[in-house]
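Below is one structure, written out as structure tokens; comments come after it.
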Amino acid sequence: MSNRPYDPHAIEEKWQAAWDAEGLYSVTEDPDKPKKYILEMFPYPSGDIHMGHVRNYSIGDVVARYWTMRGRNVLHPIGWDAFGLPAENAAIKSSTHPAEWTYANIDKQAASFKRMGFSYDWDRTVKSCDVDYYRWGQWIFLKFWERGLVERKKSAVNWCPGCKTVLANEQVIGDGVCWRCKSVVEKRDLEQWYFKITDYAQELLDDLDTLTGWPERVKTMQANWIGRSEGAEVDFELCNASGEPGGETITVFTTRPDTLFGCSFFLLAPEHPLVSTLTEGTAHADAVQAVVRATARETAVERASGEAEKLGAFTGRYVINPVNGEKVPVWVSNYVLMEYGTGAVMAVPCGDERDFEFARKYGLPIPPVVLAADDPLLSELGTVADRVMDDVPWDEAFAGDGVMVQSGAFTGMAGGKDSEGMRAVTEWLASEGRGRFSVNFRLRDWLISRQRYWGNPIPAIHCPVCGLVPVPEDQLPVVLPKDVDITKGETLADHPEFYETTCPACGGAARRETDTMDTFTCSSWYYFRYCDARNDEALFSRENADYWMPVDQYIGGIEHAILHLLYSRFFTKVFADMGLTAAREPFTNLLTQGMVKKDGETMSKSKGNVVAPEDMIARYGADALRAFILFMAPPDKDLDWNQDGLEGMYRFLNRVWRYVEDVAGGGATPVDASDDPARALLRERHRVAGKVTEDIERFSFNTALSAMMELLNAATDYHRTVDDDARDGALEREVAEVLTLLIAPYAPHMAEELWREVLGHPGSVHREAWVTFDEALAAADEVEIVVQVNGKVRGKVVVAADADEATVREAALNVPRVAEQIEGLTVRKVVVVPGKLVSVVAG
RNA sequence: GCGGGCGUGGCGGAACUGGCAGACGCGCUGGAUUUAGGUUCCAGUGGGGAAACUCGUGGAGGUUCGAGUCCUCUCGCCCGCACCA
């Protein structure tokens, strides 16, 4: 056999073309074959691929190829999340059209993905900016509207000055900055479109428990984000300007109705609509307005941090506490958020740290109503139902579980969250018609409209007569016009040809909606579309969705822990309720891959520390790059890029190549393995095959690769140390085949070349069945036992693998070093761990 | 403040359910081949010690015949959430 050098570039180009021509990775639905849907988050076509892409898609490719070899019908698609702001920014900068920029980038990225040898079914590719794709996004919008899940309302929304558009709550991250451009987000009062994701809040929370294949971290983040609180709504009657009960009520949400007797003031958010109504023209107006203005000046960062000083002003008005009829003063304060609950709060300073701080600052009473079991006040107040004490000798509030005091008929009951007292007070309120059990969520509805051009047009029409009218289904799609001059910053709102229309209901002149949809709406359903990507009759067929969905393995970045993953879960649940799919959850298993860094920092053009994957491919080939990035670290951990290691992986591939070339000709005789070195190699072959299989299934690609290195080391040692005429050629060839099969998911091009051209098989290695292994052959017939005396290793002894305990014990005690150590001592205990060690306790 | 994660050689990492800590790779040292270097191959490579041994998984305790792994406390770093009533 003539030994050719390993030439990754020639091999990779050759097989990429061949696979394309053979349609090797095209997949069709086959009800007789068990399916696996392996999916990586589709990329935004930002230009050149980066190492994060290489890592993400290499992980997915190994998993996809592995399951194909395991006989599954594998769906492994790719596409582009192609609407979005970077295209507009690039267009403004370089005077190209966003479409031109986007499609050019997609072509570039697709070429890179092909050079990486990823096993995608290219026939199912989607691009979210294609009309054939986004028309279905519009269709979904209409269906959501029909189901009452679309709403247009005015409220205080997040405005990103950098992106010049509004953002959903989920898209404001960290300290109140835009997820995309990191500008500090501002609040604006605007009328916007929403998807009512809050209708699904409970189910989105509950079903997290069913996602056993998701990282705890992601589930915790989603649960926190949804933020369910149990408590009660309590109605307070508002007094009129002269302080008399006036009939109007203000409702608050509280998790602690048991503390209602300790409510010594009442708070409104500065943005609350009642604030100006109550104070306008009164002596309190100036002080209240000062608080309102000061709050408006606070940035989101300051307000959210909890560090902003608590400001307040009395409105001059009172409410009636429903449990005791007391008049409670109404204040305005910046620590009350309009977005949460009702924008109004009953303040109980003895039981809430914030209320306590506020009460101390403004000299408001702090009557104790729940006392800790060991509180000295308890002996004095334990059975006192009436208010006798109006302040506490404490430095901070007591928010824990305790005993209710000064609480009328409820005195003596257990107080706290989800307590006897909490339920009793709420039931009493309910019987009086002044309150009710209630659940409150932190999750807000999803603001989906964007004041940008490069997105999916919202299919709605504003008619001066009929109001909001959906675009009729048969008039879809609303095509995004090409001739908007984006370089001048134009949007659809600057384009009369687009927005001038007629009302579908009354036929009169009307204005088309000019906002586009959040790009996250496009990415919330693409995995359904892959099931039936070329269907032009429907979003997808139920049959195909039932075959493929849910996605068995989803792979992507942790940055979407809430955003994309929450939205997609929401869409799937609505689809299920629409009868489009049986799946109520889109992604059965989730792997969140770590970031690829350089010298501890994220790679970025501005830092000038970007390592270009294309350069690495050019030097070492795609196979070495793929295998190396998986070898560097477990997939969910961040990794720091290191060029030297890549060279090491290239060396390893070269060694595999040479070994297979060297031994490929040894196939004529059956495997004999009758002598010790051959048996040892055969054992290693079975052990490693088992380990690599196990490791792939638990995403331990780094240890899978190191096991392959061990097999190669054992094989080359055998080849080198055993004489030519004593070597088991059939065994060597088998090891070569096993190695080729095991490495195929990682280095698909090299494996294919070795399999077909060197080992001489007619078909693709990637259609071959996965390596089998035999536990019995992997087991050694002799094992080395470690002997410990008083916890320290004192000797080793080789015994038969199936030796009984007494034999092992005997052998261990007879090891010279061991016998020496225990001489003159009493052996008190001997622990025998079969196959591992013997521990002797002597003294 | 609450929730989650992580601390192992010069570096990346391994040790899955408590059982020889440091697999595998990088780097380094020495050697062989070629010799111009590189490639390739062999040997070595946690610290201390000539050796027997001994010390070693952020730190301090504990459980156990035996702890990187379990428990308690503690230090450091990272991430998420946070005036959510």
Side-chain angles (χ1 to χ4, degrees), chain A residues 5 173-175 215-225 227-229 231 252-256 259 267 269 302-310 333-337 339-348 351-355 357-358 399 440-443 558-559 561-562 628 631-634 636-649 651-652 654-655 658 691 694-695 698 700 702-710 712-713 716-717 720 784-796 817 828-843:
Chain A
I173 58 163
D175 300 323
E216 275 315 310
R217 179 151 83 116
V218 175
K219 288 191 281 185
T220 307
M221 284 167 72
Q222 289 212 356
N224 287 342
W225 186 260
R228 183 181 195 274
S229 298
V252 299
F253 174 77
T254 177
T255 55
R256 293 294 303 277
T259 64
L267 294 164
E302 288 161 352
R303 183 110 184 247
S305 72
E307 279 150 26
E309 201 194 335
K310 289 181 175 49
S333 178
N334 59 340
Y335 79 91
V336 178
L337 308 173
E339 306 89 79
Y340 188 76
T342 62
V345 171
M346 60 175 239
V348 182
D352 182 280
E353 201 44 59
R354 298 153 299 175
D355 298 343
E357 190 187 328
F358 191 84
N440 204 54
F441 291 93
R442 206 185 77 110
L443 181 70
I558 187 75
E559 68 273 16
I562 291 170
F628 177 59
F631 181 66
M632 281 185 88
D636 54 338
K637 280 189 65 179
D638 286 356
L639 65 77
D640 208 84
W641 179 257
N642 170 312
Q643 175 98 28
D644 296 341
L646 176 57
E647 214 161 309
M649 182 55 68
R651 275 204 288 271
F652 169 64
N654 267 288
R655 291 183 60 214
R658 283 198 303 273
K691 168 127 182 90
E694 212 175 276
D695 283 354
R698 66 185 180 109
S700 187
N702 53 336
T703 53
L705 280 157
S706 74
M708 289 179 228
M709 291 171 181
E710 286 171 326
L712 179 67
N713 289 346
T716 52
D717 276 355
R720 177 170 54 84
E784 192 182 57
I785 300 286
V786 171
V787 189
Q788 294 183 344
V789 179
N790 292 336
K792 296 214 186 317
V793 179
R794 294 299 178 188
K796 289 172 187 181
R817 286 285 305 136
R828 299 184 196 281
K829 192 173 178 184
V830 180
V831 181
V832 179
V833 183
K836 297 259 183 192
L837 61 62
V838 174
S839 183
V840 181
V841 188

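We name chains A, B, ... by the order of the sequence lines, and we start the count at 1 in each one.
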Quiz item: Would B/rG31 be called syn or anti, given that syn covers angles within 90° of 0?
Solution: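 Base orientation relative to the sugar is anti.
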Can you tell me how far [atom2] of [N] sits from [atom1] of [X], to the nearest Å?
X      : N      : atom1 : atom2 : answer
A/D638 : B/rC78 : CG    : P     : 13 Å
A/E694 : B/rU17 : CD    : P     : 12 Å
A/Y340 : B/rA82 : OH    : C1'   : 12 Å
A/W225 : B/rC84 : CH2   : P     : 15 Å
A/F652 : B/rC26 : CZ    : P     : 11 Å
A/N224 : B/rC79 : CG    : P     : 17 Å
A/M649 : B/rC26 : CE    : P     : 9 Å
A/E357 : B/rG1  : CD    : C1'   : 13 Å

Would you give the length of the straight line joining atom [atom1] of [X] to atom [atom2] of [Y], rounded to the nearest 0.5 angstrom?
X      : Y      : atom1 : atom2 : answer
A/T255 : A/N440 : OG1   : CG    : 10.0 Å
A/N713 : A/D717 : CG    : CG    : 6.5 Å
A/M709 : A/T703 : CE    : OG1   : 11.5 Å
A/I785 : A/K836 : CD1   : NZ    : 10.0 Å
A/N702 : A/D695 : CG    : CG    : 8.0 Å

Taking [M] as the reference, what is the distance to [N] when you measure between their [atom1] atoms (whole Å, please)?
N      : M      : atom1 : answer
B/rC6  : B/rC16 : P     : 14 Å
B/rC26 : B/rA21 : P     : 25 Å
B/rG44 : B/rG7  : P     : 30 Å
B/rG30 : B/rG13 : C1'   : 26 Å
B/rG61 : B/rA14 : P     : 29 Å
B/rC78 : B/rC28 : P     : 31 Å
B/rG58 : B/rU8  : P     : 6 Å
B/rA52 : B/rG46 : P     : 15 Å

Assign [X] to base, sugar-phosphate, or nothing according to its heavy-atom contacts below 4.0 angstrom with the strands shown.
X      : result
A/G227 : nothing
A/K219 : nothing
A/R228 : nothing

Quiz item: Judged by atom type as modelled, is there a donor-acceptor pair below 3.5 Å linking the side chain of A/N790 to the main-chain atoms of A/A842?
Solution: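 Here the side-chain-to-backbone pair exists.
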Quiz prompt | Lys/Arg cation over aromatic A/F358: A/K310, 6.0 Å, 45° cone | solution =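 Judged by the rule (NZ or CZ under 6.0 Å from the ring centre, within 45° of its axis), A/K310 is not positioned above A/F358.
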Give a yes/no answer on whether the side chain of [X] brings an N or O atom under 4.0 Å of OP1 or OP2 in [N].
X      : N      : answer
A/R442 : B/rC81 : no
A/S229 : B/rA85 : yes
A/K637 : B/rC6  : no

Exercise. Take nucleotides 19-24 of chain B nucleotide by nucleotide from the 5' end and write B, S or -, depending on whether a protein heavy atom sits under 4.0 Å from the base, only from the sugar-phosphate, or from neither.
Key: BB--BB
Quiz prompt | Sequence-aligned protein contact record of nucleotides 27-42 of chain B, with B where the base is within under 4.0 Å of a protein heavy atom and S where only the sugar-phosphate is | solution = S------------SSS
Could you tell me which non-hydrogen atom of [X] sits nearest to which non-hydrogen atom of [Y], and how far apart they are?
X      : Y      : answer
A/A707 : A/K691 : CB-CG, 3.8 Å
A/M346 : A/R256 : CE-O, 3.8 Å
A/A633 : A/L639 : CB-CB, 3.9 Å
A/R442 : A/N224 : NE-O, 3.5 Å

Quiz item: Any idea which of B/rC53, B/rA85, B/rC65 is nearest the A/R794 side chain?
Solution: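 The answer is B/rC53.
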Quiz item: Nearest to the side chain of A/R217, which nucleotide is it out of B/rG4, B/rC84, B/rC65?
Solution: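 The closest nucleotide is B/rG4.
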Exercise. Identify whether the distance between the nearest side-chain nitrogen and carboxylate oxygen of A/E216 and A/K219 falls below 4.0 Å.
Key: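 Salt bridge between A/E216 and A/K219, a charged N being under 4.0 Å from a carboxylate O: yes.
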Quiz item: Going through the checks in order, is the side chain to side chain contact (heavy atoms under 4.5 Å, CB included) test met by A/D355 and A/Y335?
Solution: CA-CA 9 Å; A/D355 298 343; A/Y335 79 91; 2.5 Å; yes
Quiz item: Any side-chain heavy atom of A/L646 within less than 4.5 Å of one from A/W641?
Solution: yes
Quiz item: Would you write out the dot-bracket form of RNA chain B, 5' to 3', with Watson-Crick and G-U pairs under 3.5 Å, [ ] for crossing pairs, | for pairs to other strands and . for unpaired bases?
Solution: (((((((..(((......[....)))((((((.......))))))(((....)))..(((((..]....))))))))))))....
Practice problem: Could you pick out which residue, A/D695 or A/R817, lies toward the 5' side of RNA chain B when each is mapped onto its nearest nucleotide? | Solution: A/D695
Quiz item: Nearest nucleotide by nearest heavy atom, which residue falls closer to the 5' end of RNA chain B, A/A633 or A/F441?
Solution: A/A633
